[in-house]
2 protein chains.
Amino acid sequence: MAQGVQGRVTLKDVAARVGISPAAVSMALSGRSRISAATVEQVKAAAAELGYVPSSAAKALRNQRSGVIAVIVPNSTQHVFGHSYFMQVLTGVSSAANERDLQVLVSTSASEASGLTAYERVMRSRTADGAIVTSSAIGDPNIERLTAGGLAVVLIGNYPELPGTTSVGIDDVAASRMVTEHLIEVHGKRSLLHVTGPLDHQTAVDRREGFLDAVRAHGLLAASDVVEGDFSERAGYDALDGRRLGADGFDGVVFANDDMAFGGLQLLRRTGLSVPGDVAVVGFDDFGLSRITDPGITTVHVPAEQMARLAAERLIPRIEDPTAAPTRDDLEVSLVLRESCGCAREDVVLLRN
Amino acid sequence: MAQGVQGRVTLKDVAARVGISPAAVSMALSGRSRISAATVEQVKAAAAELGYVPSSAAKALRNQRSGVIAVIVPNSTQHVFGHSYFMQVLTGVSSAANERDLQVLVSTSASEASGLTAYERVMRSRTADGAIVTSSAIGDPNIERLTAGGLAVVLIGNYPELPGTTSVGIDDVAASRMVTEHLIEVHGKRSLLHVTGPLDHQTAVDRREGFLDAVRAHGLLAASDVVEGDFSERAGYDALDGRRLGADGFDGVVFANDDMAFGGLQLLRRTGLSVPGDVAVVGFDDFGLSRITDPGITTVHVPAEQMARLAAERLIPRIEDPTAAPTRDDLEVSLVLRESCGCAREDVVLLRN
DNA sequence: ATTAACTGCTTAATCGTTCAAGCGACGGGA
DNA sequence: TCCCGTCGCTTGAACGATTAAGCAGTTAAT
């Protein structure tokens with residue numbers, strides 16, 4: 001097998017080898033037409049021998065389908081969401097794509113050169129047949145432009161303002177309520193602080209709402225407070241800096257993600273407060289960090305990889321028919337109990353391997 | 001701008017709008033031919049108005065160049081190297097690619113279906129013009145098949161057995177010697193254990209060699225030992241399990257990466273040994289984890305993102321001429337001092353933001 | 001005045017694949 | 001014997017872009 005350095009092997013070469021027309025070779029390989037079994041055999045042998053691999057460009061041009069799906073990360077979120085999240089998304093999309101012989105393109109949408117965003121170019125040039133868009137801000141006009149153009153797009157996250165789009169996510173409100181209630185009901189916390197994400201992201205809004213639901217339901221609204229963060233470690237640190245914490249202040253902090261919780265943990269350690277003794281802490285996401293810290297952070301496990309895989313599975317039929325009725329999937333989350341809330345440390349469990 | 005749901009806008013449409021031939025439109029947009037300034041203006045206006053974006057498939061077919069570079073992760077390493085490493089690679093490659101209007105394809109090379117690996121298909125089908133291959137095992141035949149086929153490939157890592165290939169990496173031997181000597185010279189450790197990575201990876205072999213160089217140079221070979229790991233957290237844990245550690249055993253452990261060091265830290269904590277008091281620990285990589293743990297792990301910072309960026313920059317000219325003389329780049333590493341070796345904790349520095 | 005050179009476009013070929021339509025040859029039915 | 005159907009392939013067009021070659025028309029040079 002294998003061809004030398006220079007010429008690519010095309011259908012023509014295989015055809016010449018067998019002594020038939022290129023079209024016949026195409027038919028023999030696709031099996032979509034009436035070709036004798038003997039010829040099919042010969043063609044397959046010749047193709048293998050010459051190392052024939054069809055040109056993806058020619059295929060794409062002819063079929064009007066590239067076999068590529070794009071994973072789009074709006075630049076605004078490049079550092080907002082951590083590396084782990086994105087890797088999980090990539091892993092999920094890749095595994096679904098591989099099963100269907102699709103390639104995965106990563107578009108980090110850098111500059112908005114020439115009026116079109118990088119990912120609008122990717123779509124309109126048909127470099128990709130469809131796209132999975134992660135975590136863009138509320139009201140990002142680019143998403144609507146993509147879907148309005150009839151392109152196959154699936155969003156990861158919640159986009160209540162875009163009812164016509166297909167998306168996959170979790171119920172952030174319920175999850176945030178759940179973790180907040182854990183602090184209240186199981187650990188008896190009475191004065192809670194919530195550190196939000198950037199409030200131009202629906203995720204941050206929803207997690208705040210879940211927090212407020214919980215404190216209201218338990219009559220703790222007056223003793224609680226909310227401060228805006230941006231999902232960064234520093235924001236978590238700064239949010240607690242200078243606050244009354246512990247016995248005569250907040251006895252529990254609900255962070256909208258684990259990065260901020262880790263930042264908060266650092267401030268608490270520096271000020272000499274014990275976690276969970278003086279202040280209980282919970283986070284959100286469970287993308288890796290929360291298991292590593294000391295104490296480990298009690299958090300809500302967000303199944304990012306599964307979300308991404310499902311997003312890819314929802315996307316693929318939409319490539320055939322982008323006008324199909326939109327769907328919405330909510331995945332289950334789970335509470336992961338570690339030490340930062342006051343739950344006992346389970347025996348060390350190695351999760352990685 | 002923008003076109004409706006259905007038809008893509010092609011050169012023909014722009015041509016019809018302006019009243020000239022498609023060829024003239026192509027020339028006007030590329031600026032590579034003699035076209036009057038007035039016509040160029042009209043063409044640009046029409047193209048913008050219609051929302052014309054050239055078909056990447058047609059372009060690729062005609063130019064014999066797809067404008068895509070592939071980042072290849074051999075499946076054997078999917079879980080060996082952590083998520084962070086791969087993300088840094090992706091970020092580095094993407095930023096270099098974006099500057100040149102290239103797209104980035106991620107190939108995780110799942111199954112070896114039909115005799116060709118997934119990434120050999122990607123290359124031979126010209127889905128990608130070139131590839132960046134990360135961390136494959138020693139003697140992986142696929143790499144040689146790719147480069148021998150005259151395809152543009154740049155490797156990240158060290159491949160002494162493949163002298164004809166272009167690669168970007170670090171000097172693992174020197175780096176490992178450096179961190180080992182830190183334990184010996186600065187902290188006075190006298191009995192060292194080294195936990196290697198999988199020895200079918202050159203990185204693991206080189207780091208072991210650097211360790212051995214250092215202990216030999218200081219006459220500590222007899223008091224030292226080497227045990228094979230696989231870069232996983234569990235391997236680090238298991239490597240220390242049941243060993244004589246502390247006063248009457250090893251007083252320092254050099255792990256070939258941070259994940260294993262973290263595993264080791266967990267065993268040490270469980271056995272009640274203090275780090276660095278009883279046993280000093282160092283790791284390797286600094287991909288994120290080592291900053292989070294408690295104590296923080298003293299480690300060698302590997303500039304993964306820079307390596308990847310440079311790899312992309314080396315790759316791009318090779319796409320034009322894959323037979324160009326191969327190059328080798330070694331990037332600088334640095335020692336990152338944290339607490340696990342016995343160095344004082346610097347004031348908390350928030351590195352993320 | 002004649003030729004040469006240049007300008008600004010058009011024509012046509014090409015990249016490699018797919019697929020509808022066509023076309024001999026052969027077999028079966030009437 | 002004639003006709004029709006089927007088989008197994010070939011022909012040719014198309015996907016959308018690029019580019020070499022060509023060709024009127026104008027300008028410059030001799």
Side-chain angles (χ1 to χ4, degrees), chain A residues 3 6-44 46-47 50-68 101 121 123-129, chain B residues 3 6-44 46-47 50-68 101 121 123-129:
Chain A
Q3 187 74 348
Q6 69 294 7
R8 294 190 21 69
V9 180
T10 70
L11 273 187
K12 231 195 221 167
D13 302 314
V14 179
R17 181 79 166 217
V18 179
I20 56 177
S21 75
V25 174
S26 173
M27 290 165 164
L29 291 174
S30 73
R32 259 190 288 285
S33 212
R34 316 169 298 197
I35 297 287
S36 73
T39 307
V40 168
E41 274 314 294
Q42 284 185 68
V43 166
K44 284 189 176 161
L50 296 173
Y52 169 70
V53 178
S55 150
S56 58
K59 232 173 168 158
L61 180 58
R62 169 69 223 213
N63 298 340
Q64 301 288 61
R65 191 132 300 169
S66 66
V68 171
D101 263 305
R121 293 196 90 75
M123 299 299 288
R124 303 185 58 106
S125 68
R126 294 272 165 194
T127 299
D129 298 328
Chain B
Q3 187 74 347
Q6 68 293 4
R8 292 190 23 69
V9 180
T10 70
L11 272 187
K12 231 195 221 167
D13 302 315
V14 179
R17 180 79 164 216
V18 180
I20 56 177
S21 74
V25 174
S26 173
M27 291 164 163
L29 291 174
S30 74
R32 258 190 291 284
S33 212
R34 316 168 298 199
I35 296 287
S36 73
T39 307
V40 168
E41 275 314 297
Q42 283 185 67
V43 166
K44 284 188 176 162
L50 297 174
Y52 169 70
V53 177
S55 151
S56 57
K59 231 173 168 156
L61 180 58
R62 169 68 223 216
N63 299 341
Q64 301 288 51
R65 192 132 299 167
S66 65
V68 171
D101 262 305
R121 293 195 91 75
M123 299 299 288
R124 302 185 58 107
S125 68
R126 294 273 167 194
T127 299
D129 298 328

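Below, chain A is the first sequence line, B the second, and so on; all start at residue 1.
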Reading nucleotides 17-22 of chain D from 5' to 3' and marking B where a protein heavy atom lies under 4.0 Å of the base, S where only the sugar-phosphate is that close, and - otherwise, the string is BBBB-B
Mind checking whether A:Val43 and A:Ile20 have side chains closer than 4.5 Å, heavy atoms only?
yes
B:Gln64 side-chain N/O to C:dT14 phosphate OP1/OP2 under 4.0 Å:
no
Take the protein atom CD of A:Gln42 and the nucleotide atom P of D:dG8, then report the distance between them rounded to whole Å.
13 Å
In this structure, how many angstroms lie between the P atom of C:dT11 and the CD1 atom of B:Ile20, rounded?
12 Å
What is the separation between atom CG on B:Leu29 and atom P on D:dG16, rounded to the nearest whole Å?
16 Å
Where is the tightest heavy-atom contact between B:Val14 and B:Ala47, given as atom of each residue plus distance?
CG1-N, 4.1 Å
Under 4.5 Å between any side-chain heavy atoms of B:Lys44 and B:Val40, yes or no?
yes
Reckon A:Ser36 touches a base, only the sugar-phosphate, or nothing at all at heavy-atom distances under 4.0 Å?
sugar-phosphate
Value in whole Å for how far the C1' atom of D:dG16 lies from CG of B:Asp13
11 Å
Any side-chain heavy atom of B:Pro22 sitting closer than 4.5 Å to one from B:Lys12?
yes
I want to check something: taking the side chain as every heavy atom from C-beta on, are A:Tyr52 and A:Val25 in contact at a cut-off of under 4.5 Å?
no
Judged by each residue's nearest nucleotide on DNA chain C, which is more toward the 5′ side, B:Leu61 or B:Thr39?
B:Thr39
Classify the nucleic acid contact of B:Ser33 as base, sugar-phosphate or nothing, counting any heavy atom under 4.0 Å across all strands shown.
nothing
Work out which heavy atom in A:Asp13 is nearest to a heavy atom in A:Arg8; give both atom names and the distance.
OD2-O, 3.5 Å
